[in-house]
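None of these values were measured; they are calculated from a predicted model.
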Amino acid sequence: MNNFIFENKTKVYFGKGCAKEYLTCLLKKYGNHVMLAYGGGSIKKNGLYDELMDYLKRAEKTVTEFSGIMSNPTYAKVKEGAKLAKDNKIDLILAVGGGSVIDCCKIVSAQAKTDRDIWEMEFTQHAYPTEFVPIIAIVTAAGTGAEMNNGAVITNEEKKIKAGVLGAQADVAMLDVSYTMSLPMKQVISGAFDTLSHCMEIYFGKPEENNLSDDINEAIMLSVIRNMRILLSDPQNEAARSELMWASSMGENGILKIGKVTDFQAHQIEHQLGAYTDCNHGQGLAVIHPALYRHIYKEGLPRFARFGRNVWGTDGTDEEAALSGINALADFIREMGLPTSFREMGITDESVLRPVADSTNVTAGCCKKLSQEEIYQILMEAF
């Protein structure tokens with residue numbers, strides 16, 4: 001295992017009724033002006049909006065609403081939220097939603113505290129924000145693990161780039177499974193696969209030798225697979241949804257990355273696909289992973305063999321166990337009703353694949369460093 005320093009600043013309140021029990025008291029620790037940030041308005045339909053407004057009223061807060069945060073948040077939306085936060089002298093952002101809302105708020109939090117353009121600051125000047133508006137995250141859709149880190153995925157529509165941007169990390173995250181129960185099953189499964197993808201991206205990082213982080217990772221992958229299968233036959237199973245909710249946080253709170261060097265190449269490819277097509281993140285990953293792994297498994301054969309044996313129960317030689325594991329992953333994707341090609345996702349314009357490949361951020365690679373041409377071949381196989 002590599003040397004590491006580990007810290008996670010987010011305090012998690014997990015379980016049914018956690019907001020009711022703790023949120024009003026927590027709100028009193030912050031200033032008077034609160035931004036209530038959310039997406040398309042589902043929180044008004046399911047009653048969560050009224051519940052949160054009641055807590056805010058009890059805490060005697062002045063509320064500014066920032067709504068309409070889209071599933072792939074844009075940099076334009078970030079700038080809109082930052083202006084709103086500055087104009088209203090916001091003391092706290094209450095980010096209510098899944099990864100998209102929370103990610104958008106992370107960068108709003110940073111942009112609201114500086115006159116410098118965050119995108120240019122990070123990607124051109126290679127400098128990073130140090131001052132933030134505090135955030136409390138109320139998670140309503142699991143999968144991204146956004147509530148326990150400071151990374152955000154933002155789409156810059158002008159530049160045709162969807163990339164990771166560093167911003168604020170939530171002071172507090174509240175994970176109440178009851179807030180997720182109205183989500184459509186398609187969205188739940190897509191989010192859960194994103195969690196599985198995070199785990200796999202970390203697992204295939206360096207070092208490949210056995211280490212505690214990977215032992216924990218295997219347990220989480222097995223839990224995600226088991227609970228996704230439970231939801232297929234029992235969509236409203238609260239226990240399974242709770243397990244997936246915590247697995248989502250565990251996948252991206254840094255614990256699995258302790259002592260590891262990761263590249264997240266599948267995510268890098270999907271991000272650029274999303275920049276050109278606005279595709280569903282979890283579904284895009286489901287299509288990309290098997291194609292990517294068939295391209296690279298020979299360069300990391302012992303690790304892929306371990307993945308096959310320990311996660312999917314395959315056997316045989318290393319070659320047989322590795323290939324069977326990749327095939328088992330592909331079979332599981334079909335079993336979950338996730339797409340297996342871009343066409344199934346409604347992406348029918350093959351011409352976008354070349355610019356996607358050419359603009360994908362190429363990382364060191366968990367097993368090998370891909371060329372832009374290899375990425376194009378992977379995209380074509382997934383088409």
Side-chain angles (χ1 to χ4, degrees), residues 141-145 183-204 214-235 237 239-248 250-252 256 264-267 269-270 273 279-297 300-301 303-316 318-345 366-367 378 381-383:
T144 67
L183 282 177
M185 185 49 47
K186 186 176 180 180
Q187 189 174 343
V188 174
I189 294 297
S190 177
F193 189 84
D194 189 17
T195 299
L196 184 61
S197 173
H198 293 157
C199 292
M200 292 188 292
E201 299 262 52
I202 298 165
Y203 185 78
F204 288 111
D214 290 340
D215 293 342
I216 298 169
N217 196 331
E218 287 177 356
I220 294 172
M221 285 191 280
L222 287 166
S223 176
V224 171
I225 292 163
R226 180 177 66 252
N227 285 293
M228 286 176 73
R229 282 176 165 149
I230 289 171
L231 290 184
L232 271 191
S233 57
D234 186 7
N237 188 300
R241 287 198 183 214
S242 292
E243 292 292 328
L244 289 171
M245 201 172 199
W246 182 234
S248 170
M250 282 291 292
E252 274 297 311
L256 301 186
F264 275 63
Q265 189 64 80
H267 271 70
I269 296 170
E270 196 285 326
L273 183 70
C279 67
N280 177 277
H281 180 56
Q283 291 182 15
L285 290 169
V287 173
I288 290 166
H289 266 289
L292 171 65
Y293 288 167
R294 290 187 180 107
H295 265 258
I296 65 174
Y297 81 92
L301 190 57
R303 170 50 49 127
F304 274 93
R306 174 179 166 172
F307 175 67
R309 292 178 181 123
N310 293 1
V311 178
W312 299 105
T314 63
D315 53 21
D318 279 3
E319 173 90 11
E320 291 167 340
L323 268 177
S324 295
I326 296 168
N327 290 335
L329 171 63
D331 289 342
F332 176 73
I333 288 166
R334 280 188 287 271
E335 179 188 345
M336 292 298 108
L338 289 162
T340 58
S341 71
F342 296 143
R343 284 190 183 90
E344 284 184 55
M345 296 174 62
C366 60
C367 304
I378 290 165
E381 287 175 22
F383 186 69

Any chance you could measure [X], atom [atom1], to [Y], atom [atom2], to the nearest 0.5 Å?
X: Ile378; Y: His289; atom1: CD1; atom2: NE2; answer: 11.5 Å
X: His281; Y: Leu273; atom1: NE2; atom2: CG; answer: 11.0 Å
X: Ile269; Y: Ile288; atom1: CD1; atom2: CD1; answer: 5.5 Å
X: Leu329; Y: Ile333; atom1: CG; atom2: CD1; answer: 4.0 Å
X: Glu335; Y: Ile225; atom1: CD; atom2: CD1; answer: 9.5 Å
X: Glu270; Y: Gln283; atom1: CD; atom2: CD; answer: 10.0 Å

With side-chain hydrogen bond (donor to acceptor under 3.5 Å, both in side chains) as the criterion, how do Asn227 and Glu243 come out once you've worked through the C-alpha distance, each side chain's angles and the decisive distance to 0.1 Å? CA-CA 7 Å; Asn227 285 293; Glu243 292 292 328; 4.7 Å; no
Exam field: side chain Arg309 to backbone Gly316, donor-acceptor pair closer than 3.5 Å: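 Present.
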Okay, side chain of Glu252, backbone of His198: is any donor-acceptor separation there less than 3.5 Å?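 Checking the backbone N and O of His198 against the side chain of Glu252, no donor-acceptor pair under 3.5 Å is found.
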With a 4.0 Å cut-off on N to O distance, would you call Asp234 and Arg241 a salt bridge? no
Should the pair Asp214-Arg306 be classified as a salt bridge under the 4.0 Å nitrogen-to-oxygen rule? no
Which pair of heavy atoms, one from [X] and one from [Y], lies closest together, and at what distance?
X: Cys367; Y: Ile296; answer: CB-O, 3.8 Å
X: Gly251; Y: Leu256; answer: CA-CD1, 4.1 Å
X: Ile230; Y: Ala240; answer: CG2-CB, 3.8 Å

Contacts of type side-chain contact (heavy atoms from CB on, under 4.5 Å), residue Ala330, not counting sequence neighbours: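 Applying side-chain contact (heavy atoms from CB on, under 4.5 Å) to Ala330 gives Pro290, Arg294, Arg334.
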Sequence neighbours left out, what passes side-chain contact (heavy atoms from CB on, under 4.5 Å) with Gln187? Give chain and number order.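 Once residues adjacent in sequence are excluded, the partners of Gln187 under the side-chain contact (heavy atoms from CB on, under 4.5 Å) criterion are Ala141, Leu183, Pro184.
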Taking the inter-plane angle between the rings of Phe304 and Phe204 on a 0 to 90° scale, is it parallel (under 30°), tilted (30 to 60°) or perpendicular (over 60°)?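 Parallel: the ring planes of Phe304 and Phe204 meet at under 30°.
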Phe193 and side-chain contact (heavy atoms from CB on, under 4.5 Å): which single residue from Val188, Val224, Leu285 fits? Leu285
